[in-house]
Amino acid sequence: IRGCYFGQTYRDQLWPGEESESSHLLPDNDVPIHIYTETLERISETSEASSRTSSRLGCEEGLAKPKTKLYKRRWYIIAAFSLFCLLQGSIFSSWSPIAVSTIAAYPQWTEGTISWQSNLALITSPLFQFPAWCLVAKFGVGPMVKWFAVFPLTICSMFRCLQLVCNVSDGTFTTITFITSICGGWASIIIFTTIGGVVSAWFPSGEQTLATGLAVLAINLGSIVSSLAGPAFVEDPVMLLPDRTNSSGWWNHSHTYPPWLDITWTLRSQIGNFMTFHFLMALVVFALVVVYFPSSPEIPPENAKTIPRLKPMDGLRVALRDRNMFYLLLVNGLTSLPFMWEMSLMDVTLKPFRVNEKVVGYLTSITIIVSGLLIISTSRLNDRFPTKTKTTLLILISLAAICSTILGFQTLGFVATSHNSLFVFVVLSGALLSCGKPILLQAAAEVAYPVPEVVVTALMNQTTCLMTGTFLFLYSLSPTFAAWSPLCLVVAPILGLVALSKAHFLRGPGSCL
């Protein structure tokens, strides 16, 4: 800059004959310095600053802020979210393990009251889905999990403990439990609405299926927590009677107590302790998400995470018109149906084989544990070989269809069976059906791009609720349908395989396929 100004030269002194600043025409190549001194100084300073900046950027290019970053705290995020899933699954399954004791403690309660505790969650799920989408779009994933899911679940769990500290009428307590069940259903909607967003924001593509699998596994483990903790806190009413040998036969004929014996208050106190156990769990989860649970990290884990997706309502319209998404929704619903049958109706179906409720409870727990091992292994396999997602699902569902078909024929009496054979196929079919769920959720989120993850996972959940809710409704209405209900073990997985074979797994940006 010292020798030129936009291609012009300048001198430090005037030529002879140049008298003043009033010179009429300046020579093309000779510009008086005193006219543009201030301007040149400013340009010089700016140019030198730009030169220094360029030099500094060139030297420090390796130290520039990275565009992607993988945070170790992502495992804290998925751990807190999985504990939230565990809490929801545990509260959802609160009453089934202590059904007999609860009916004995609250004479107004019936088996219908127990079943409606879980039915309310399924019935209200479609009604709450649209508000959940709107709230997630407005507030983000983090605030939704903290203040719209875990916090109300903690408050409802606290109110279920009121009978320990004050007199609460039976009607009031029943109302509180129903509100808690509805809140648990709402929490389930939040889980499946936000799980895709949480995993996508914090985890790279090579870990997303595993992270999804941990959350899905936690929901299933929640039922085991209640199955184990419920009988530990609340005793069987027969065990509280003075003469167990004589009274056990009497209890089978009458569910009312003689006037001189009233154990309802003992049972109510034990039920209150069980409710307190859930409240303490909720407090721990609430503390974890309040301490740290942002919607997304400051820097995404990979460049693909910076590519925006559609708004929820626009994404919903796109998803409903996507043929591949339709097939995957169908696969999800059809494979969820036999698993729901095993978890909900197995005790009724296996009664002709002289399998009692205690054994059914053991079978359910073993099935969930085996499915957990399969979920972790198959999820890691899918993360390692993402281009083989469809092949992995075809293998898993085919094996599940074989085991489920054999179990269906056994329960319908078409083939001879034994207890050992029955138990093996119950565990295998249930575990194989459930272990493909995380892979299916992750595949749907990629196939449906640019539909947001919150829409995809919510649609998968609503498909499950719609199909299983319709099945249970028909089961309760028609004895003939109930008698032939094990056919779902045969038909549903085969139809799921047909739908899966028609889907094309074309992934969005950042994917390996």
Side-chain angles (χ1 to χ4, degrees), residues 93 96-97 99-100 111 115 220 223-224 227 248 252 331-375 377-378 393-437 464 467-468 470-501:
S93 307
S96 296
V100 175
E111 293 182 357
S115 63
N220 295 336
S223 61
I224 295 183
S227 297
S248 59
N252 292 329
V331 173
N332 179 66
L334 289 170
T335 53
S336 299
L337 190 58
F339 183 76
M340 179 279 308
W341 179 90
E342 290 195 20
M343 297 296 106
S344 303
L345 304 175
M346 186 165 53
D347 55 340
V348 178
T349 308
L350 297 185
K351 275 186 178 180
F353 298 93
R354 296 182 179 179
V355 178
N356 57 37
E357 294 181 355
K358 188 175 182 179
V359 175
V360 170
Y362 289 147
L363 284 175
T364 302
S365 299
I366 294 172
T367 300
I368 292 175
I369 293 172
V370 174
S371 71
L373 298 175
L374 289 177
I375 283 174
S377 58
T378 55
L393 284 174
L394 284 172
I395 293 173
L396 290 176
I397 297 179
S398 297
L399 293 175
I402 294 172
C403 296
S404 184
T405 300
I406 295 174
L407 177 63
F409 287 158
Q410 287 177 333
T411 54
L412 289 170
F414 293 164
V415 295
T417 185
S418 63
H419 276 186
N420 291 335
S421 175
L422 200 64
F423 296 163
V424 167
F425 285 107
V426 164
V427 173
L428 288 178
S429 60
L432 289 169
L433 286 168
S434 63
C435 72
K437 184 86 168 183
T464 300
M467 194 162 291
T468 55
T470 303
F471 182 86
L472 290 174
F473 178 74
L474 294 175
Y475 183 91
S476 62
L477 286 182
S478 173
T480 304
F481 185 88
W484 289 95
S485 63
L487 275 178
C488 74
L489 298 171
V490 180
V491 177
I494 296 176
L495 293 179
L497 277 174
V498 174
L500 181 61
S501 65

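We use all heavy atoms of the structure for the numbers below, so side chains are in, but hydrogens, waters and symmetry mates are not. For this chain, numbers begin at 1 and follow the sequence in order.
- The ring-ring contact (aromatic ring centres under 6.0 Å, His included) search around F471 returns F481, not counting sequence neighbours.
- Among all heavy-atom pairs drawn from A482 and P486, the shortest one is O-CD, 4.2 Å.
- To the nearest 0.5 Å, atom CH2 of residue W341 and atom SG of residue C488 are 7.0 Å apart.
- Two residues are said to be in side-chain contact when any heavy atoms from C-beta on lie closer than 4.5 Å; P338 and S429 fail this criterion.
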Does the side-chain contact (heavy atoms from CB on, under 4.5 Å) test come out yes or no for T405 and L489, once each step is laid out?
-> CA-CA 6 Å; T405 300; L489 298 171; over 6 Å; no

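- Closest heavy-atom contact between L396 and G436: CD1-CA, 4.2 Å.
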Before giving the answer on side-chain contact (heavy atoms from CB on, under 4.5 Å), spell out for L350 and L363 the whole-Å C-alpha distance, their side-chain angles and the decisive distance to 0.1 Å.
-> CA-CA 11 Å; L350 297 185; L363 284 175; 4.3 Å; yes

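- Without hydrogens or angle criteria, S478 side chain to L474 main chain gives no donor-acceptor distance under 3.5 Å.
- Residue L412 holds its CG atom at 9.5 Å from CG of L407, rounded to the nearest 0.5 Å.
- The CG atom of L393 sits 9.0 Å away from atom SG of C435, with the distance rounded to the nearest 0.5 Å.
- Closest approach of M467 to L334, counting heavy atoms only: SD-N, 3.7 Å.
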Applying side-chain contact (heavy atoms from CB on, under 4.5 Å), run through T364 and S227 and close with a yes or a no.
-> CA-CA 10 Å; T364 302; S227 297; over 6 Å; no

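- Contact detail for V331 and L500: the closest heavy-atom pair is CG2-N, 3.5 Å.
- T464 pairs by the side chain to side chain donor-acceptor pair (under 3.5 Å) definition with N332, S336, K437, not counting sequence neighbours.
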Using distance only, find each side-chain donor-acceptor pair of residues 418-426 under 3.5 Å and give its atom names and separation, not counting sequence neighbours.
{"from": "S418", "atom 1": "OG", "to": "S421", "atom 2": "N", "distance (Å)": "3.4"}
{"from": "H419", "atom 1": "NE2", "to": "F353", "atom 2": "O", "distance (Å)": "2.6"}
{"from": "S421", "atom 1": "OG", "to": "Q410", "atom 2": "NE2", "distance (Å)": "2.7"}

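- I402 is not listed as a side-chain neighbour of L428, based on a closest heavy-atom distance of 4.5 Å or more.
- One finds the CG atom of L487 at 8.5 Å from the OG1 atom of T411 (value rounded to the nearest 0.5 Å).
- Atom OG of residue S434 and atom CD1 of residue I375 lie 5.0 Å apart, to the nearest 0.5 angstrom.
- No donor-acceptor pair under 3.5 Å is formed between the side chain of S404 and the backbone N or O of A401.
- Note: L495 CG to T335 OG1 = 11.5 Å, rounded to the nearest 0.5 Å.
- Between the side chain of T367 and the backbone N or O of A431 there is no donor-acceptor pair closer than 3.5 Å.
- Annotation for P493 and I397: closest pair O-CG2, 4.0 Å, computed over non-hydrogen atoms.
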